[in-house]
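Data block below; observations after.
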Amino acid sequence: MESVRVPSRPPRPLSSLRALLTSGAGGGLVLMASAALALAVANSPLADTYFAALQAHVGPLSVLHWINDGLMAVFFLLVGLEIKRELLDGRLRTWPDRILPGVAALGGMILPALVYAAVNRHSPETLRGWAIPAATDIAFALGVLALLGSRVPVSLKVFLTALAIIDDLGAVIIIAVFYTADLSLPMLGGAAVTLAALYGLNKAGVSRLWPYLALGAVLWVFTLLSGVHATIAGVLLALAVPLRLSVGRPDDPTSPLHILEHAVSPWTAFLILPVFGFANAGVSFAGFRPAILLDPVTLGVGLGLFLGKQLGVFGFVLATVRLGWAQRPSGATWAQVYGVAILCGVGFTMSLFIGLLAFAHRPDLEAETKVGVLFGSLACMAAGALVLRLAPQSPAHR
């Protein structure tokens, strides 16, 4: 008897909400909303309650301290996992893959720092914030690219992601080297012993995650008390989590690193970063004076993000391609590359974080930092989106 073939139903399209939540850029859109909400609350009748709640103590630390040192350690754990995966089994696996985003990231860190330093050259105290505009916020930047849809070639999105990962690595090194307080040798010793135990688990082939996470919590406490910023513990833990290299399966779901990365990623994108943004983007404009825009820190951060980033990223990419060391991202025009270079100046999360470390005991300079980051990042978002919207597309991409 001949079987009757029943036509299969076409797959149901994802709902708008589901598509947002499964999109890598969805977190960027939520982060934008949390920053806007923080600004609204900080300039509303709830402002006093907002600032008092952040300074309230829960145990030994304030709420703001728990967010910036505790929750953000989970964010840095995710950063470390992404860096390790991309270097060993991803977009940055080979040196040819690393050259263009690596050079672009280097230019995108050097030029903004130089612009900031030039503006603040006469003030040793404010010069401490030189690294603030050197960071790129991948969530925000990808959020803008998501709004532009298919007008941006996939190769440019891959390029931006790889650049931001290398940029994050640079930011981690800067934090560890330049923004470390007085060191406690006994606590550093405890952190070193804990880290050795973590790598012992890795070498012994332990694939269960709970021993790594338990020792990671111990490592965080030692790091917090050592004088090194506690978030570095997240990166160190990530480097100890095993990654089983695969052939043809760069997203092997059975690898411990991938399991942890996929478990942490949505919590980071849709809870931790929005909470960080809400807690740190709140700037009260009560008594706002336009002259603050010309204060050295505000001006240095804003110009560093808007001018330094685009000049550094685009200039270094152009030079690298002209010298024949790498190829321009396939299917992308130079105008589109320039638009992405402008978007690299969106430095929200990391820039705010470095600013908090640079001016930990100067609330006035923290306020200037936040204004500079907000205005500089908004200018980069608007200008980058406009350039990408108007940029001619390559015939190969049409």
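From a predicted model like this one, the values you see are computed outputs, not experimental measurements. Positions are given from 1 along the sequence.
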(message) Can you pull out every side-chain hydrogen bond (donor to acceptor under 3.5 Å, both in side chains) where at least one residue sits in residues 339-357? Sequence neighbours excluded, please.
(response)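 Every side-chain hydrogen bond (donor to acceptor under 3.5 Å, both in side chains) pair that includes a residue of residues 339-357, provided the two are not neighbours, is D137-T349.
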
For [X], which residues count as a side-chain contact (heavy atoms from CB on, under 4.5 Å) partner, sequence neighbours excluded?
{"X": "L156", "value": "V152, P153, F159, P329, A332, Q336, V337, V340"}
{"X": "L357", "value": "I175, Y179, H229, F353"}
{"X": "A335", "value": "T333, A391, P392"}
{"X": "V193", "value": "none"}

[X] and [Y]: which non-hydrogen atoms are nearest, and at how many Å?
{"X": "A42", "Y": "Y50", "result": "CB-CE2, 4.2 Å"}
{"X": "A233", "Y": "T223", "result": "CB-OG1, 3.7 Å"}
{"X": "P112", "Y": "G107", "result": "CD-O, 3.8 Å"}
{"X": "L160", "Y": "C344", "result": "CD1-SG, 3.7 Å"}
{"X": "A238", "Y": "L257", "result": "O-CD1, 4.5 Å"}
{"X": "L201", "Y": "P211", "result": "CD1-CB, 3.8 Å"}

Return the set of residues passing salt bridge (charged side-chain N to carboxylate O under 4.0 Å, His left out) with [X] (not counting sequence neighbours), or none when no residue passes.
{"X": "D97", "result": "none"}
{"X": "E86", "result": "R91"}
{"X": "D167", "result": "K309"}

(message) Does atom OH (Y338) have a neighbourhood of more than 12 heavy atoms from anything else shown, all under 6.0 Å?
(response)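 No, OH of Y338 has 12 or fewer neighbouring heavy atoms, counting only those of other groups under 6.0 Å.
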
(message) Using the rule given for side-chain contact (heavy atoms from CB on, under 4.5 Å), can you reason through L237 versus L215, listing the C-alpha separation, both sets of side-chain angles and the distance that settles it, and then say yes or no?
(response) CA-CA 8 Å; L237 170 60; L215 284 176; over 6 Å; no

Less than 4.5 Å apart, side chain to side chain, heavy atoms only: is that true for [X] and [Y]?
{"X": "L356", "Y": "T369", "value": "no"}
{"X": "V317", "Y": "W334", "value": "yes"}
{"X": "L185", "Y": "L188", "value": "yes"}
{"X": "L78", "Y": "V74", "value": "no"}
{"X": "F76", "Y": "V172", "value": "yes"}
{"X": "L195", "Y": "F222", "value": "no"}
{"X": "S265", "Y": "F270", "value": "no"}

Spacing of [X] atom [atom1] and [Y] atom [atom2] [to the nearest 0.5 Å]:
{"X": "W220", "Y": "L225", "atom1": "CH2", "atom2": "CG", "value": "8.5 Å"}
{"X": "M350", "Y": "T136", "atom1": "CE", "atom2": "OG1", "value": "10.0 Å"}
{"X": "E125", "Y": "L365", "atom1": "CD", "atom2": "CG", "value": "6.0 Å"}
{"X": "I173", "Y": "F178", "atom1": "CD1", "atom2": "CZ", "value": "10.0 Å"}
{"X": "L273", "Y": "F348", "atom1": "CG", "atom2": "CZ", "value": "9.5 Å"}
{"X": "L169", "Y": "I174", "atom1": "CG", "atom2": "CD1", "value": "10.0 Å"}

(request) Starting from the C-alpha separation in whole Å, work towards a yes-or-no answer on side-chain contact (heavy atoms from CB on, under 4.5 Å) for F359 and D364. (result) CA-CA 9 Å; F359 305 125; D364 56 327; over 6 Å; no

Is there a continuous path of hydrophobic side-chain contacts, each under 4.5 Å between heavy atoms, that joins [X] to [Y]?
{"X": "L311", "Y": "V115", "value": "no"}
{"X": "L163", "Y": "L106", "value": "no"}
{"X": "M72", "Y": "I232", "value": "yes"}
{"X": "L77", "Y": "V218", "value": "yes"}
{"X": "I165", "Y": "V79", "value": "yes"}

Donor-acceptor pairs are to be reported for all side-chain atoms of residues 116-123 against protein atoms at under 3.5 Å, with residues two or more places apart or in another chain.
| residue | atom | partner | partner atom | Å |
| --- | --- | --- | --- | --- |
| Y116 | OH | T126 | O | 2.5 |
| N120 | OD1 | T126 | OG1 | 2.8 |
| N120 | ND2 | Y116 | O | 3.1 |
| N120 | ND2 | P296 | O | 3.1 |
| R121 | NH1 | A118 | O | 2.4 |
| S123 | OG | T126 | N | 3.4 |
| S123 | OG | T126 | OG1 | 2.9 |

(request) Could you walk me through whether L81 and R85 pass side-chain contact (heavy atoms from CB on, under 4.5 Å), step by step? (result) CA-CA 6 Å; L81 293 171; R85 174 174 54 80; over 6 Å; no

(request) Evaluate the side-chain contact (heavy atoms from CB on, under 4.5 Å) criterion for residues F276 and N68: first the C-alpha distance (whole Å), next the side-chain angles of each, then the deciding distance (0.1 Å), finally the verdict. (result) CA-CA 7 Å; F276 172 83; N68 292 342; 3.3 Å; yes

Do any side-chain atoms of residues 372-390 form donor-acceptor pairs under 3.5 angstrom with protein atoms, and if so which ones, sequence neighbours left out?
| residue | atom | partner | partner atom | Å |
| --- | --- | --- | --- | --- |
| S377 | OG | G347 | N | 3.3 |
| S377 | OG | V373 | O | 2.8 |

Tell me whether [X] contacts the main-chain N or O of [Y] through its side chain, where contact means a donor paired with an acceptor under 3.5 Å.
{"X": "Y212", "Y": "N202", "result": "yes"}
{"X": "R98", "Y": "L87", "result": "yes"}
{"X": "T194", "Y": "L219", "result": "no"}

Give the table of side-chain donor-acceptor pairs shorter than 3.5 Å for residues 28-37, with sequence neighbours excluded, one pair per line with atom names and distance.
| residue | atom | partner | partner atom | Å |
| --- | --- | --- | --- | --- |
| S34 | OG | L31 | O | 2.8 |
| S34 | OG | P274 | O | 3.3 |

Please set out all donor-acceptor pairs under 3.5 angstrom arising from side-chain atoms of residues 297-307, sequence neighbours excluded.
| residue | atom | partner | partner atom | Å |
| --- | --- | --- | --- | --- |
| T298 | OG1 | I292 | O | 3.0 |
| T298 | OG1 | E368 | O | 3.3 |

